[in-house]
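Encoded as structure tokens, the structure appears first; notes follow it.
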Amino acid sequence: MLSFFNPLRIRGGVHPEAHKTATANLPIVTDFPLPKKLYIPLQQHVGKPAEPLIRVGDKVLKGQLLAYSQGMISAPVHAPSSGTILDVNDYPAPHPSALPIRMIVLETDGQDTWMLAPTVNDPFQLTPEDISLRVGAAGIVGLGGATFPTAVKLNMGREAHIDLLIINGSECEPYLSCDDRQMQERAEHIIDGVRIMLHSMTTTNAVVAIEDNKPLAFLAMQKAAQSFAAITVMQIPTRYPMGWDRQLIKYLTGKEVPVGSRSSEIGVTIHNVSTALAVHKAIRYGQPLVSRVVTVSGGAILRPLNIEVPLGTLIAELFTFCEVKTDAVARIIMGGPMMGDALPHVNLPTVKATSGVLALTQSELKNTEEHPCIRCASCISVCPAGLRPLDMANNIRMNQLDAAVDIGLKDCISCGCCSYICPSNIPLVQYFKYAAGEVAARQQAQHKSEQTKRLIDARAARFKRIADQQAAEEQVRLAAKAARSHQLTTDSDTSTILGSRLAQQSEVDAH
Amino acid sequence: MYVLAAIVSLTLLGLLLGFLLGLAGKYLKVESSPLLDAIEALLPGSQCGQCGFIGCKPAAEALANGNAPATICPPGGSALAEQLALLLGLDLDLSDVKEPELLVARVSEATCTGCTRCFKVCPTDAIVGAPKQIHAVVADACIGCKKCIDVCPTECLQMHAIEVTLRNWRWTKPVTAKAEVNTMGEALC
């Protein structure tokens, strides 16, 4: 009852089975055999795809820039290893549809030679703007899964005068333990990355939030941070989706981010622990983002592990390394089981967003036999965004998308708590994903219809202009002709008449 | 002399008829209702005729008189249907409405002769080309009205479904328990 009045109350959330022990106690594998070929998508981030600047046949070194970022919100792509460029073409994307996307294919030479990059001994001598520039040039994006370009976020943080930087180490998705292992093994580097980020945003306070099911990571991070007063390491309750930025901000600061605005508007910004590590590597050693730690787990994996893999490694190679029972695989998931994407096959590359690759068996999947809604309202109590999933799903089932939007469809974060808890196995979050796509499609259709009108008007205007112009020319021609005929009548020389008639005739012919 | 006479008489005739038309336009103007204008503003205005009427205006009239359902316009899709229903105060049941499959024209390079007929009729200028040059369709501007198909002498223009890319890929609607029962029922019959 008292918890009702507690300002730090957490809204919604579920406690899915963690399944983390399989990988959380094993060290990160850093000697993953270098794949023969790497498939590097040009878009591994939110925003515009990168534009390639290499040619097929070029020899590149590890860390060399392959494609530069275009526009304000974009990120460059670097070579994850040394070798030769084989192709720049469309290949299946790591996406539920596996539709083609532009990728660079790199044949590795096995040397893994780094490009020489200047190291920075004291990054705190650099200006905050310089750090953002370097972070942007290193191709760093939010590694928690959102893949928003980090440099843009650092700039926004500096401009919005952020007073708190939250480092998200909650890792609330089941199965995943890559952040947990990195915090245990690389705590000093992460804390250094956090300090650099603080410097870049000219902010003085940072909180590292770690769920209380990761005590070892918490201790390691606390130890690493104890000499820096600006950085506090905090334990937060274990509950999915604790890592959702708004949930975390609400819990840590008691402030709620208003609907439709960014967290920077209330003076808070949030980055992932892996992102902080990537910033450390980029600033201290000039290493761009070319690899990441991926959790390979699930019931069908015999040797579940956390592996540091070069970006562009095919999931098939990860599965071979971790010994997958192919016949037991019921579903392949990139990311966590709650919010990750089911992939149709394994010949897809790992990208900057790939925090985990799971091969789940049938017994690990939710029963999909659907029953009618019994209006138990479990989905309402678990929804972290405070929505009414059952009503929204009903609206969407009847194609009343506007009604669904009115009761908050756009605030749905697709966390999947409602689908997870539903005793009738109603695919609630699937309805919301469908509806969100449909709403976007309608907006596009609306936009196209406006565009069509514009085109039709432009065409009508052009036709009118041409008609007017022709009419004006006709007038001029007629006037000239009339003048000439008038002259002819006064002229008595027949030969001139004949000559000018001929000329007139040819003029008519020409027209 | 006869040339001058012809020019003068035709010019006079043109001016006179034009003047009469102008007068007619001013004094015999049919007042259109504001509702009609509102409906017409919502409709695409491409006069594509896919609704069965000869243009958007007749379709708007039919809508205003209640002779046509809100779902009349295929290019507008269900988004337009919802707007029309809102404007006309109609109850709209979209659960049975299928989203029309949107098509775009595509030129087959092998048979295009560069006759320029298609781009002359395209209401949105979605076809680019020049005489005796192969034409091309700008898919983003094509509204699938099929006017170009009708005029193409070599049948080199064909309608194709819009290519699905990562940009326009969407999740499908979950199959409901009810729909499953239906399909099972059909299977039993």
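Heavy-atom basis, side chains included; hydrogens, waters and symmetry copies ignored. Just so it is clear: chains get the letters A, B, ... in the order the sequence lines come, proteins before strands, and each one is counted from 1.
In this structure, the separation between CH2 on B:Trp171 and CD on A:Glu438 is 14.5 Å, given to the nearest 0.5 Å. Rounding to the nearest 0.5 Å places OG1 of B:Thr172 at 9.5 Å from CD of A:Gln430. The CD atom of A:Gln400 lies 8.5 Å from the CD atom of B:Glu82; values are rounded to the nearest 0.5 Å. Rounded to the nearest 0.5 angstrom, B:Arg167 CZ and A:Ile101 CD1 are separated by 12.0 Å.
Contacts between residues 120-129 of chain B and chain A, defined by a heavy-atom separation under 4.5 Å, are made by B:Lys120, B:Val121, B:Cys122, B:Pro123, B:Thr124, B:Asp125.
The nearest pair of heavy atoms linking B:Pro174 to A:Tyr434 is CD-CB, 4.3 Å. B:Trp169 approaches A:Ser97 most closely through the heavy-atom pair NE1-CB, 3.1 Å. The heavy-atom pair separating B:Lys173 from A:Ile396 by the smallest distance is NZ-O, 3.4 Å.
Of the atoms belonging to B:Val8, not a single heavy atom falls under 4.5 Å from chain A. At a 4.5 Å heavy-atom cutoff, the contact between B:Leu43 and chain A is made by backbone atoms alone. Both the backbone and the side chain of B:Leu166 come within less than 4.5 Å of a heavy atom of chain A. Only the backbone of B:Leu42 comes within contact range of chain A, with at least one heavy atom under 4.5 Å from a heavy atom of that chain. Using a 4.5 Å cut-off between heavy atoms, A:Ala482 contacts chain B through both its backbone and its side chain. Looking at B:Gln83, the atoms closer than 4.5 Å to chain A (heavy atoms on both sides) all sit in the side chain, from C-beta outward. Contacts between B:Ala6 and chain A at a heavy-atom distance below 4.5 Å are absent for every atom of the residue.
When each of B:Thr11, B:Asp140, B:Leu80, B:Asn168 is checked for heavy-atom pairs under 4.5 Å with chain A, B:Asp140 comes out on top.
Using a distance-only test at 3.5 Å, with no hydrogens or angles considered, no donor-acceptor pair links the side chain of A:Lys448 to the main chain of B:Ala141.
A search for side-chain hydrogen bond (donor to acceptor under 3.5 Å, both in side chains) contacts involving B:Glu61 returns nothing, not counting sequence neighbours.
Here the side chains of A:His486 and B:Leu4 are not in contact, with every heavy-atom distance at 4.5 Å or above.
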